[in-house]
Amino acid sequence: MLDKKYNPKEVEENAYETWKEKGYFASGRNNGKPFCIVIPPPNVTGKLHLGHAWNTSIQDIMIRYKRMQGFDALWVPGMDHAGIATQAKVDKKLREEGIDPRSMKREEWLKVAWEWKEEYALNIHNQWAKLGLSLDYNKERFTLDEGLSKAVRTVFVHLYEEGLIYRGERMINWDPMAKTALSNEEVIYKDVEGAFYHIKYPLVDSDEYLDIATTRPETMFGDTAVAVNPEDERYKKYIGKKVILPLVNREIPVIGDEHADPEKGTGVVKITPCHDPNDYEVGLRHNLEKIVVINPDGTMNENALHYQGLDRFEAREKLVKELDEKGYLLKVEKIIHSVGHSERTDVMVEPYLSKQWFVKMRPLADKVLNNQKNKDTKVKFLPARYEKIMNHWMEITYDWCISRQLWWGHQIPAWYKGDQIYVGMEAPKEEGWVQDEDVLDTWFSSALWPFSTLGWPDETADYQKYYPTSVLVTGYDIIPFWVNRMTFQGLHFTHQRPFEYCYIHGLIRDKMGRKMSKSLGNGVDPMDVIEEYGADALRYYLTTSTAPGTDLRYDEEKVRAAWNFINKIWNASRFVLMNIEDLQEEKFEDLSISDQWILTRLEETIKVVTRYMDKYEFQNVGSILYKFIWEDFCDQYIEMAKFSLESVTTKSVLKKVLGDILKMLHPFMPFVTEEIFKNISETPLIISEYPKYEKNFLFPDGEKECNALIEFVRIFRNRKAELQIGKEYKIYISKPNDYRLISKLLKWEGKEIEEQLSDNYTIVEYQDYQVYLYNEHKETLEEKEKKQKNMEALKKSIEKRENLLRNQNFVQKAPENLVNEEKRKLLEEKEMLKKYQAE
RNA sequence: GGGCGUUUAGCUCAGUUGGUUAGAGCAUCUGCCUUACAAGCAGAGGGUCUGCGGUUCGAGUCCGUAAACGCCCACCA
C-alpha cells in the first residue's frame, strides 16, 4: 500500500538500479521493429544543465513509449570528448596546480585529460540515472574510443582520396587563447564598442595624404597597399602612386580594387593581407607582399617595431597615442561594431594566415540539398520550418577547417617526410615519417555519431538493424554544427539519411526570457530541482509545457504544479488501491452508466493520446491526460464510484482505468508510475504493453446518459451557489427518474417534499432531469438581473443562429452535420427562452 | 541588407486540414475541514486573439500589409 504522502525521494530512490540490473533498458529483448535514437553526446566538461534534462527527457519518452508498444527500442548513450572545451578546462586545472600544461609531454598531458574524462563521465552517469533515462548502457560509446577513432580515420582517408579533404594555407579564424584554428561556425559575432581611427598616410613626393579609417590600427605594420575603388572620382587619380606607411616609413602602393567601397569609411582602405580575410583576397589579386605582425598568442611580433612583445590590444592603445603625438592621427570616431569571438574561450578571434586541413564542402552540401528534395529519403524536421535552417547553411557553406592545434582529439592520420605526405589508416612502415601534430575538430567525429556508434565502418549486426536511426532530438542552435554535418557524412558514407526525423526543441531561458548563463548567474541545476520536486515532476513540466521548436521559460511555479498533479495521481491511486485489495477476478458485467462513461472516456483518451504520441506532440498528450485524470477520473468517476465500492464491477473498472492511466503516464513520469503499478501488477510497468484502443469498451448510450447526469449536477450546484442557498432547502422532484446517484453526488441535505409548493422556487433542469428548488429567501435582486442577462444572451444567440440559417450560402455550403447542429441548438435555445419567460 | 519566429486572460503558454459560446496552469473572488488528496473540493469573474485590409457562408487559424519584441545569416576599413 502507498504511503499517505507522495514523497518523490523515496519513490525515485531504487527504481533505476532495478530497471538497469534486470536489463529492461537493453535493446534486442524482443523481435519488434527496431526503433533507435542516439543521444546527443554531452561534453565531458561539466555537469548537465536544464537543457540536457529537457533534451534527454524528450528522448526517454519516445524510447519508453516505443518499448511499451513492442518495438525493439535502442537508445545509444555516449559522450563527446569536446576538444577545445575540455582541453581548456584541463589546462586550467593544471595551471591552478602550478603546472604549465604546455611544458608537459603530450602523453603525460593526455593521461591527465583521460582522468578528467573518467571523473566527469561518472558524474554524467549519475545525473542520467537521477533523470531516469532508459539508456542501453551495453552500447555506450565515447567519441575517442577505438571504434569511433577507426570510423574517423576511415572517413578522413576516404575524403582525402576523393579530393574532398585538402591541406592548404588559408585565412582562418584563430583563437589566440586556445592557440588553435576554428571553423566559421565556432565564431560568435558580438557587438562591442570600438572606434574608427583615422590615420594620415602621406603620399610620396607630395604634400597630400590619404585619410584611412581603420578599427584595427595595430595591424598597420602589415599593410602592403592602400586600396581605393577604381570608379571613385575622388581617389582614382592616386592609383599607381605610393604612400608612406607612418612610423614604419615603408612605401606601399595605392591600388584600385572593387573591395574598396566608396560609401564606407573614407573610401580608402588599408590592405593587410595577413590579418584580414578580405585583404587577403585583395592581396592575391594584386600579388601583394604578405607580412605577419601578430604572433599566435596575440602579441605583436618583430615586424611591429618597438611594439614587439606587446599584446595586440595594449599595442593598439600605445600606437594610437604615438600616432597622435606624431601628427598622424586625424580623428577617433567611437562606433559599435560586431567582432568575432571564440565560442569556447570568448576571446576576440584573429583572422590568421595558416596552413590547415579543410573539407571541401560544396559537393557534400549539394548532396544534402538534393536529398532534401526527395520526400522519401529526406530528413524530416519537426517542426518542418527548421529544414530551412539546414538548407540555408548548406547553400552558403564554406570549406570546413578541421585541423585544431590541440592535443585532445583524434590526431590527424597524415604523416610527413620532407616534402612527402602520406594519408592512411596506419603510419607508414618505413623510418622517418612524422605524424601531423594536430587533431581534428570535435564535430568531425560527432558528425559520424549516428553510424559510428552502431559499429560503422564494419557491417555490424547493430548497424544493419538499427541504422538509419529513427529520430534525432536536438536544439535548433546546433543544426549548423551537428545536424548538417551528420546529414552530409551520413549521405556520403552510408548513402542514407542518418535519421528519419529530426525533432527540434528550443532553448531554456530564465523566467524573464534571458538565456541561462554563468555570468548572469541565472542558471538552474536540474539536480536541485529533482532534489526538491523529483525527476518525474521536472520531466513532466519540461516535456509538456511548450510546443516543439519553441523556447521554454523556466518557471518553478510550474514544476510545483507538475508536482501537484503527481500528488493528485498518488492520492487517487491510494484510493483505488485501498478499495481493490480484496478484488480477485476482474469483472465487467452489469456496468453502471458511470462505469460505461469512464470506460468510454478512457478509450477515447487512449485513441487521442496514441495519435499525439506518434506525432511526438507531447504538449497535447500532457493536457489530455491531465484533463482525463483530474477531471474525468478523479472529480467525476471516483466520486460516483464511492457509492458502489462494494461492487466487483466498480473495483474492476477502477483498476483498469488506473492501470491504463499509469501506462500512458509512464514515459513522462517513470518513477512514480512504476511504484504505484507494483501494487496492481506483477509485470514491471516499463515493459508492460501500452494501452490499445478497444471498441468493445465503448458505450455511447451510457456515456450520453451519464453526461446528462453530470451536466444536471453541474447546473444544480451552479444554481445553488448563485442563489447562495445553504444547507436548508427543500426539493420537489417533478419528473420521475432515478435520482439516487444524483442525490448522493449533490449531498442533498435538503428535504424532499411530496408536492409542489407555490412560491419561492427555482426550477433546475437538464434534459430528463427536473427539480424544484425551494429556498427560504426570496429571489435576490442579483438573481433577477442574472436571469435578465441570461435571457438577453439567449435572444442574441437565437437571432444569430436564425440569421445564419437564413443564409442560403451557409445552409448549402457548410457540412450537413454542422447545419443540423445549428438547427438543434436553435430549438433548444428557443425552448429555454420560453421557460424563462414563463417563470 | 536577407531570412525566421513571437504577439491569445493579470502572468506563463496551448489552440490540429478554417466550423459550437477561444482553453489550461498559476494568480484573483465566493462557499466548503465531503472520511484519496485543504498541495484539496464546489462555484465565479477575467479576452477587440497586436493594428489595418482581403479571401470565405464562416478567420485566432489562410493571404497581404504595418508595428513591437526576439533569433539566425551576411556585412562591418
Side-chain angles (χ1 to χ4, degrees), chain A residues 2 4-6 189 191 194 196-198 212-217 219 226-227 259-261 264-272 276 278-279 335-340 383 385-386 388-389 392-393 395-396 476-477 479-480 506-507 509 511 513 541 544-547 549-555 557-558 560-579 611-612 615 617 619-620 622-623 626-627 634-635 638-639 642 713-714 717-722 724 726 746-747 793 797 800-801 804 807-815 817-819 821-822 824-825:
Chain A
L2 302 180
K4 183 136 190 209
K5 280 264 170 191
Y6 162 56
Y189 285 87
D191 279 346
F196 266 136
Y197 299 92
H198 289 254
I212 310 253
T214 178
T215 53
R216 301 212 52 197
T219 64
V226 162
H259 166 60
D261 183 345
K264 277 190 197 158
T266 57
V268 193
V269 56
K270 69 194 212 43
I271 302 296
T272 322
D276 181 282
N278 288 312
D279 292 7
I335 54 158
I336 302 285
H337 62 154
S338 76
V339 176
R385 65 171 183 274
Y386 285 103
K388 285 186 203 161
I389 305 219
H392 175 70
W393 275 88
E395 275 156 18
I396 62 159
Y476 58 73
D477 54 325
I479 293 173
L507 303 179
R509 299 176 175 281
K511 212 178 167 179
Y541 159 66
T544 61
S545 294
T546 59
T550 54
D551 289 349
L552 174 64
R553 292 189 186 200
Y554 178 75
D555 185 352
E557 284 300 316
K558 289 196 172 184
R560 193 170 290 135
W563 187 97
N564 230 5
F565 177 41
I566 298 173
N567 187 49
K568 184 76 181 178
I569 296 161
W570 183 264
N571 279 302
S573 302
R574 281 185 59 221
F575 176 83
V576 173
L577 294 178
M578 68 178 63
N579 285 295
R611 204 174 72 214
Y612 283 128
K615 289 159 78 178
E617 291 181 16
Q619 216 261 350
N620 290 331
S623 60
Y626 189 97
K627 244 186 147 119
C634 295
D635 292 346
I638 287 184
E639 290 309 315
K642 281 178 181 171
V713 168
R714 197 188 66 78
R717 283 173 178 154
N718 197 326
R719 299 291 280 167
K720 209 173 143 244
E722 274 172 4
Q724 297 183 312
L746 290 170
K747 302 190 169 39
S797 181
K800 219 172 116 186
R801 265 184 239 285
L804 190 60
N807 184 338
Q808 284 308 302
N809 274 324
F810 173 75
V811 178
Q812 280 160 18
K813 288 181 187 172
N817 60 331
L818 214 76
V819 178
E821 184 73 356
E822 284 296 325
R824 191 186 65 73
K825 269 180 213 150

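The sequence lines fix the lettering, A, B, ..., with proteins before strands; numbering per chain opens at 1.
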Exercise for review: Kindly write out the residues that satisfy salt bridge (charged side-chain N to carboxylate O under 4.0 Å, His left out) with Asp551(A), not counting sequence neighbours, or none if the list is empty.
Suggested key: Arg509(A)

Exercise for review: Kindly write out the residues that satisfy salt bridge (charged side-chain N to carboxylate O under 4.0 Å, His left out) with Arg717(A), not counting sequence neighbours, or none if the list is empty.
Suggested key: none

Does [X] put a side-chain nitrogen or oxygen below 4.0 Å from OP1 or OP2 of [N]?
X         : N      : value
Asn620(A) : U16(B) : no
Lys568(A) : G40(B) : no
Thr550(A) : A14(B) : yes
Arg385(A) : C4(B)  : no
Arg717(A) : G43(B) : yes

Point to revise | Candidate nucleotides U16(B), C37(B), C13(B), ranked by approach to the side chain of Gln619(A) - the nearest | key: C13(B)

Revision key, fill the gap. Quick note, Arg714(A) side chain, CB onward, closest among A39(B), A44(B), A36(B) is A44(B)

Grab the N/O contacts between the protein and nucleotides 23-26 of chain B below 3.5 Å, and write none if there aren't any.
none

Practice item. Give a yes/no verdict on a cation-pi contact between Lys568(A) and Tyr626(A), requiring under 6.0 Å between NZ or CZ and the six-membered ring centre and an angle within 45° of the axis. Key: no

Point to revise | Intra- and interstrand pairs of RNA chain B - dot-bracket, Watson-Crick/G-U under 3.5 Å, | marks other strand | key: (((((((..((((.....[...)))).(((((.......))))).....(((((..]....))))))))))))....

Study note, to complete from the structure: 5'-most contact on RNA chain B (nearest-nucleotide basis), Arg553(A) vs Lys615(A), goes to Arg553(A)

Show each protein N/O and nucleotides 57-59 of chain B N/O combination with a separation under 3.5 Å, one pair to a line.
{"from": "C57(B)", "atom 1": "OP1", "to": "Lys813(A)", "atom 2": "NZ", "distance (Å)": "2.1"}
{"from": "C57(B)", "atom 1": "O2'", "to": "Asn807(A)", "atom 2": "ND2", "distance (Å)": "3.0"}

Check your understanding: Looking for any heavy atom pair under 4.0 Å, which part of the strands does Asp635(A) touch: base, sugar-phosphate only, or nothing?
Key -> sugar-phosphate

Check your understanding: Under 3.5 Å, is there an N or O donor on one side and an acceptor on the other linking the side chain of Glu639(A) and the base of A42(B)?
Key -> no

Distances under 3.5 Å between nitrogen or oxygen atoms of protein and nucleotides 74-76 of chain B:
{"from": "A74(B)", "atom 1": "OP1", "to": "Tyr398(A)", "atom 2": "OH", "distance (Å)": "2.5"}
{"from": "C75(B)", "atom 1": "O2'", "to": "Lys264(A)", "atom 2": "NZ", "distance (Å)": "3.0"}
{"from": "C75(B)", "atom 1": "N4", "to": "Ser338(A)", "atom 2": "OG", "distance (Å)": "3.3"}
{"from": "C76(B)", "atom 1": "OP1", "to": "Asn278(A)", "atom 2": "ND2", "distance (Å)": "2.7"}
{"from": "C76(B)", "atom 1": "OP2", "to": "Asn278(A)", "atom 2": "ND2", "distance (Å)": "3.3"}
{"from": "C76(B)", "atom 1": "N3", "to": "Ser338(A)", "atom 2": "O", "distance (Å)": "3.3"}
{"from": "C76(B)", "atom 1": "N3", "to": "Ser338(A)", "atom 2": "OG", "distance (Å)": "2.4"}
{"from": "C76(B)", "atom 1": "N4", "to": "Ser338(A)", "atom 2": "OG", "distance (Å)": "3.0"}

Study note, to complete from the structure: Heavy-atom nearest pair, Gly549(A) first then Tyr386(A), reads O-OH, 2.9 Å

